[in-house]
Each structure stands twice: as C-alpha cells, then as structure tokens.
Amino acid sequence: MDLAPAAVATLRRSNARYGVLALIAIGTMINYLDRSLLAVAAPRMVEDLGIGAAVMGLVFSAFSWSYALAQIPGGMFLDRFGVRLTYGLSVGLWSIFTALQGFATGLISLIVYRLGLGAAEAPCFPANSRILVAWFPQHERARANSVYSVGMYFGIAFLSPLLFWVTGTFGWRALFVIAGAVGLVFAAIWWFIYRDPEHSRWANKAELDHIAKGGGGFSQTAANTSFSWRQMGWLLSRRQILGASIGQFATNATLVFFLTWFPTYLITERDMPWLKVGWMAVLPFIAASVGVLVGGQISDFLVKRSGSATLGRKLPIVGGLMLSSTIITAAFLESDALVIAVMSVAFFGQGMSNLGWTLISDVAPKSLIGLTAGLFNFCTNLAGIVTPILIGFIVAATGSFFGGLALIGGLALIGAFSYTFVVGRVERIAEPAPRPLESL
C-alpha cells in the first residue's frame, strides 16, 4: 500500500548509500592490494626468476600497459551494461590473474599475468566514479571519495607486516594465491548485494530524493549512450578534463613509486633488513590514508561554506601535490627515520591529491561518465607505464634512486601547475550537441 504524501514527507531517510560506500571501499582495497603484491614479492622473486633492475621495471609497468589501454573499452562497457555486471566481472577476472602470478615460471608468463591483471582491473575506478554520482549528492561526494580511496592504502598500510611474513614464511607464490582466493569471494558478495539506487532494497524514497536534490543520480538515458571517437576528441577539448588528466598523471607517478619500487628502495638503497622494511613501509601508507580523509573533509567543507566547487576541489589537490614534491629531499638524508618521515609527508600529499576523481565526477557530462572516467584513468595511468620503467633504467644506469626521486618531485610540481591554471572552473560540462554525434 502506498504511503500518503504526509507520511512520505516525514519518512526517516535511510542511509543505504553508506553501505554501498563500504562495499566499494573493500573492493578498492582488494584492487590495490592485488596490484601491489608484486612490490612485496619483488626482492625474493628476482632471485628465483633471475630478473634484473631494468627488466623488473618493465615487469612493474606491464600492469599499466593493459590497464591504461583497457580504460576506454572498460568505460564503454560500463556505460552500456552498468555497474553491477561490470564491477562483478572485473573483480572475478582480476582475482584469477592475481592467483595465476603465483604459478609464474619465468619472465614471459609473469608479464602475461600482469597484463591480464591490468586489463581486468581497468573498469574499477570508472565504476567507482559512476557509483559516487549515482548514490551521493555533490556536497557529500568528496568525503565519500576519500572513504573508498582509503582502501587504496589501507590494505598495504596495515597488512604489510603480514604480507612480508607470508612471503618470508611460505614464499612469494603463496602470497598471490591467497590474495586471489579472497578476491573471488568478494566478487560473489558484490554480485548478490549491489544494486543501483532505483533498484535498491535498502534505499527509501527520502534517501533517493536527498540524492537527487543534491545533483546525484542518473538520467534514464545515461546508461545507454552509444560510443563514437568524436566523443573522445570532444572530451579532450574540454579544459577541465585535459587539465585534470595531466595533473592526475603527476599524482599517479607518486603513487606508482610507492606501489612498485618503494620496498626495493628501502632494501637496496637504505640497506634495511627484510622484516624491518615490512614495518617501515607501513608508515607512508598510513600517512596516505590520513591524507585521503583530510583532503575529502577539507574539500566538502570548502564546497559547503563557499559554494564553490572550484575552490573546494582544487585547493586540497594542489596543496597535496606541493607536499608530494618534497620527496626529493629524502635523497639528501642519512637518517632512516627522517627518510621515512619525508616519504610519509610526500605520500600524505598524494592522498590529498587523490581528489582528482571527485573533480572529474563533478565535471563529466552525465551521459558520458563511464567514458570520461575511462579516458581520465587512461591518461593518469600512463604514469604507471612510464614511471617504473624510467626509475628502473635510472637505477640500472646510476646505481642510485636519486634521479628517480627527482623525477617524482618534478612531476608533482607540473601536476600542481596543471590543476591550478589549466583546469579552470569546476562545473558540470554541458552534454555534447546531438547532431554532430549522430552524423557519424
């Protein structure tokens, strides 16, 4: 029986969106844990498989080759088939490729499995971006982004000692197999639980109205937009998307360093023992987790108080990138404690600058959110291809990480410039004119 209008008006608002947020936070934690296991296994793996520093840089980057290339197809698939199917398939497939890495017999098989992992993980963040727009009003979106983004760092931050212990006790192969099994369990949970807001069993009308009033939700046609190459060119001609993509490339370079070369840096450059690295590596990831939360809180506070998404989104991102640029100072320090402190400050800043995903969800045309997020993630994850390779060749050529740290710091400054001067106003881009697109 339908509720009377007066009863609907007084209906207490449900909070189903927070359950959805918890679900994607767990999914994001598994996502980043699986892609970063190679960094934990690398010091032992290079001995077993006979891989040098330059070649290991190629292995690290292999994930990003397919990850970047699959962003556009992943965004198209997402726009056509929706979040539930896309995310469920993505988690299941990437978990299989994670487990397969435990059975790698040499360089070729390892690279093949890393390529599979990258392609399978590609739709994750475009799907997260779409979920934020569907489930959260704009003034809650940055905090929601910060909560699920903590998953990027949380697993590594608090599980690093366990991961290093598993590797030291059972070997690096067991590490991948266990992680893959956990991911498959989550894929099943996701499929049975997740629904879009209009089909949710837990979101009532009061919550759906709250989401819609704040600019959340989708139009009826948003999930059925056909693709054309002109759409991509049109999106790249928007300064908000181009500037954010350049800036996020720089942000991702810092993240990629910590997900790939950081443990090796501590072991080879700083001569830290194996188990000590497991504990010391925790601190920068904890700092990054705090940075994500702080950035989200500051951003939504500024948006609410000033009414300006431009100020609220850009200020924490630019400030975070400036903090990330301080990573170069680690090269001039003798104390391991000071080095970890500098690394923690730099990674804290990277956590703050992760708000780029909130910014892109604020500016993307609603009918092209999946494609926009895929394009954005393609550009940002070119850093995942370039950064590990360049650092690997720098280390192989010089025997030092100095040049690699200088590279990361310099890119952070470029990113701060791009977000400040290229992005311009943070506002929803109007839908593309239909006639040019229909003529293709």
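Please read these numbers as outputs of a predicted model, since none were measured by experiment.
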Worksheet item: Does the side chain of Val395 reach to within under 4.5 Å of the side chain of Thr268, using non-hydrogen atoms?
Response: no
Worksheet item: Under 30°, 30 to 60°, or over 60°: which ring-plane class applies to Tyr265 and Phe262, parallel, tilted or perpendicular?
Response: parallel
Worksheet item: Above 12 or not: heavy atoms from other molecules or residues under 6.0 Å from CZ of Arg425?
Response: no
Fill in: Check: Leu283 and Met343 side chains under 4.5 Å, non-hydrogen atoms
no
Fill in: Partners passing ring pair (Phe, Tyr, Trp, His ring centres under 6.0 Å) against Phe97 (at least two apart in sequence or in another chain)
none
Worksheet item: Between Met45 and Gln101, does a side chain to side chain contact (heavy atoms under 4.5 Å, CB included) hold up when you go through it step by step?
Response: CA-CA 11 Å; Met45 184 183 289; Gln101 289 173 81; over 6 Å; no
Practice prompt. Can you tell me which residue pairs pass the ring-ring contact (aromatic ring centres under 6.0 Å, His included) test with a partner in residues 295-341, sequence neighbours excluded?
Written response: Phe332-Phe402
Worksheet item: If only atom types and distance count, is the side chain of Ser66 paired as donor or acceptor with the main-chain N or O of Ala119 below 3.5 Å?
Response: yes
Worksheet entry | Ser299 side chain to Gly295 backbone, donor-acceptor under 3.5 Å | no
Fill in: Test side chain to side chain contact (heavy atoms under 4.5 Å, CB included) applied to Gln350 and Val292, step by step
CA-CA 8 Å; Gln350 195 281 330; Val292 168; over 6 Å; no
Discussion item. Within the structure provided, determine whether Ile111 and Arg114 are in side-chain contact (heavy-atom separation under 4.5 Å).
Written reply: no
Worksheet item: Are side-chain heavy atoms of Ser95 and Leu184 found at a separation under 4.5 Å?
Response: yes
Discussion item. Main chain of Leu293, side chain of Arg143: is a donor-acceptor contact present, judged purely on distance under 3.5 Å?
Written reply: no
Discussion item. Whether the side chain of Arg141 engages the backbone of Phe136 through a donor-acceptor N/O pair (distance < 3.5 Å, no angle test) should be reported.
Written reply: yes
Worksheet item: Got a donor-acceptor contact below 3.5 angstrom from the Ser237 side chain to the Trp234 backbone?
Response: yes
Practice prompt. Kindly indicate, with the supporting measurements, whether the criterion side chain to side chain contact (heavy atoms under 4.5 Å, CB included) is fulfilled by Leu323 and Phe347.
Written response: CA-CA 8 Å; Leu323 289 176; Phe347 213 11; over 6 Å; no
Worksheet item: Do Thr98 and Trp94 have side-chain atoms, one donor and one acceptor, less than 3.5 Å apart?
Response: no
Fill in: Trace of the ring pair (Phe, Tyr, Trp, His ring centres under 6.0 Å) decision for Phe257 with Phe60
CA-CA 10 Å; Phe257 168 76; Phe60 278 136; over 10 Å; no
Discussion item. On a heavy-atom basis, which atom in Ala244 and which in Leu359 lie closest, and how many Å separate them?
Written reply: CB-CD2, 4.0 Å
Worksheet entry | Member of Ile389, Leu107, Ile385 meeting the side-chain contact (heavy atoms from CB on, under 4.5 Å) criterion with Leu58 | Ile389
Worksheet entry | Side-chain (Ser36) to main-chain (Leu33) donor-acceptor, under 3.5 angstrom | yes
Fill in: Pairwise side-chain contact, Phe249 with Ser245, heavy-atom cut-off 4.5 Å (strictly under)
no
Discussion item. Under the criterion side chain to side chain contact (heavy atoms under 4.5 Å, CB included), I'd like the reasoning laid out for Arg35 against Tyr67: C-alpha separation, chi angles, the key distance, then a yes or no.
Written reply: CA-CA 11 Å; Arg35 74 173 70 177; Tyr67 186 74; 3.3 Å; yes
Practice prompt. Find out whether Ile408 and Ile328 are in side-chain contact, i.e. whether some heavy atom of one side chain is under 4.5 Å from a heavy atom of the other.
Written response: no
Discussion item. When you compare the side chain of Ser353 with that of Tyr419, does any pair of heavy atoms fall below 4.5 Å?
Written reply: no
Item to complete: Taking side-chain hydrogen bond (donor to acceptor under 3.5 Å, both in side chains) as the test, write out the residues that go with Trp190, two or more places apart.
Response: none
Worksheet entry | Side-chain ion pair, Asp300 and Arg313, N-O less than 4.0 Å | yes
Worksheet item: Going by heavy atoms in the side chains, are Leu315 and Ile298 under 4.5 Å from each other?
Response: no
